[in-house]
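Accompanying notes for the structure given below.
All chains are named by letter (A, B, ...) in the order of the sequence lines, taking the proteins before the strands, and each is independently numbered beginning at 1. All of these numbers come straight from a predicted model, not from anything done at the bench. Side chains included, hydrogens not; waters and symmetry mates left out as well; all remaining heavy atoms used.
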2 protein chains.
Amino acid sequence: MKINDLTIEQLEKAASMLKAISHPVRIAILNHLENGKKSTVTEIHEALGIEQSAASHHLGILRNNDILVAKRDGKNTYYFYKHDRLNVLIDCISKCACEKV
Amino acid sequence: MKINDLTIEQLEKAASMLKAISHPVRIAILNHLENGKKSTVTEIHEALGIEQSAASHHLGILRNNDILVAKRDGKNTYYFYKHDRLNVLIDCISKCACEKV
DNA sequence: CTTAGATATTTATATATTTGTATAAATTGT
DNA sequence: ACAATTTATACAAATATATAAATATCTAAG
């Protein structure tokens, strides 16, 4: 597979996935979920100290853009990474940010 | 270094860097510049078929967010990656996008 | 100093995102 | 069926972003 010559659709898909990630709260969520960890909306809302509706909203954005998957289990909905590859991306941007702040 | 527990400043830095990348044109620019390649504004404007002012504008966003470096050489200004690590990120999101389109 | 090529900035309009509050929907246990 | 818990959605105000066109700045050469 050639990765250097993307179609317009692929560029737009890449951009929308990245844009979904490009928010401090959502990066914090993704760090929280690294290495296959699964968490509920409430756990994230409490762990990050954000409103419940905000947690749900941000998780919805990540789910709608193929970053996370939601799986219902009784009253709870567990969210987790859709693809392991994204761990690399989150590690990468986290390291970049740590270098530069 | 711990990468899993970022400060708010680091989260915001990571988000602003990612947001800078999160645009189809800018991902195309970054793909064009992969592996240490250097290009001028005009080269990018012609290679991508976008307006000169748009090329300059997008390159400015990438430069202001520590993704690219600009180095003037006579009349030309060469742009290139600030950090090799970003190659990994661009490869990663490109592969993700190719998988899913 | 003037010109031409290369790059950057400004401006305005349209569109999108974020945030909090309130409320609705789904599920379990009584 | 009802109450309690969990999750999702709707709304509105503030803020941010995208886009294109026009213009300005910078640099080398003459």
Worksheet item: Who passes side chain to side chain donor-acceptor pair (under 3.5 Å) against A:R72, sequence neighbours left out?
Response: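 With neighbours one apart ignored, the set is empty.
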
Practice prompt. Pick base, sugar-phosphate or nothing for A:T77, based on heavy-atom distances below 4.0 Å to the nucleic acid.
Written response: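 Result for A:T77 = sugar-phosphate.
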
Discussion item. Any base atoms under 4.0 Å from B:Y78, or only sugar-phosphate, or nothing? Heavy atoms, all strands.
Written reply: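 Counting heavy atoms under 4.0 Å across all strands, no contact is made by B:Y78.
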
Phosphate OP1/OP2 of [N]: any [X] side-chain N/O under 4.0 Å:
X     : N     : value
B:Y79 : C:dA8 : yes
B:N76 : C:dT7 : yes
B:S56 : C:dT7 : no

Worksheet item: For residues 33-55 of chain B, which residue pairs qualify under ring pair (Phe, Tyr, Trp, His ring centres under 6.0 Å), counting only residues two or more places apart or in two chains?
Response: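 Every candidate ring pair (Phe, Tyr, Trp, His ring centres under 6.0 Å) pair involving residues 33-55 of chain B fails, so no pair, neighbours aside, qualifies.
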
Whole-Å distance between [N] [atom2] and [X] [atom1]?
X     : N      : atom1 : atom2 : value
B:L59 : C:dA6  : CG    : P     : 15 Å
B:L48 : D:dT19 : CG    : P     : 13 Å
B:K71 : C:dA8  : NZ    : P     : 16 Å
A:L62 : D:dA8  : CG    : P     : 12 Å

Contacts table for residues 15-22 of chain B: side-chain donor-acceptor under 3.5 angstrom, sequence neighbours left out:
residue: B:S16; atom: OG; partner: B:E12; partner atom: O; Å: 3.2
residue: B:S16; atom: OG; partner: B:K13; partner atom: O; Å: 3.0
residue: B:S22; atom: OG; partner: A:L18; partner atom: O; Å: 3.4
residue: B:S22; atom: OG; partner: A:K19; partner atom: N; Å: 3.2
residue: B:S22; atom: OG; partner: A:S22; partner atom: OG; Å: 2.9
residue: B:S22; atom: OG; partner: B:L18; partner atom: O; Å: 2.6

Fill in: Per-nucleotide protein contact string for nucleotides 16-30 of chain C, where B marks a base within reach and S marks sugar-phosphate only (heavy atoms under 4.0 Å, - for neither)
-SSB-BB----BS--

Worksheet entry | Residues in side chain to side chain contact (heavy atoms under 4.5 Å, CB included) contact with A:K75, at least two apart in sequence or another chain |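 So A:K75 forms no side chain to side chain contact (heavy atoms under 4.5 Å, CB included) with any residue.
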
Quiz: residues 46-63 of chain B side-chain donor-acceptor pairs under 3.5 angstrom, not counting sequence neighbours:
residue: B:H58; atom: ND1; partner: B:R26; partner atom: NH1; Å: 3.0
residue: B:R63; atom: NE; partner: B:Y79; partner atom: OH; Å: 3.3

Discussion item. Given C:dA8, D:dT7, C:dT7, identify the nucleotide with an atom nearest to the side chain of A:V41.
Written reply: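 Side chain of A:V41 sits closest to D:dT7.
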
Fill in: Check: A:H83 side chain, A:R85 main-chain N or O, donor-acceptor pair, under 3.5 Å
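Here the side-chain-to-backbone pair does not exist.
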
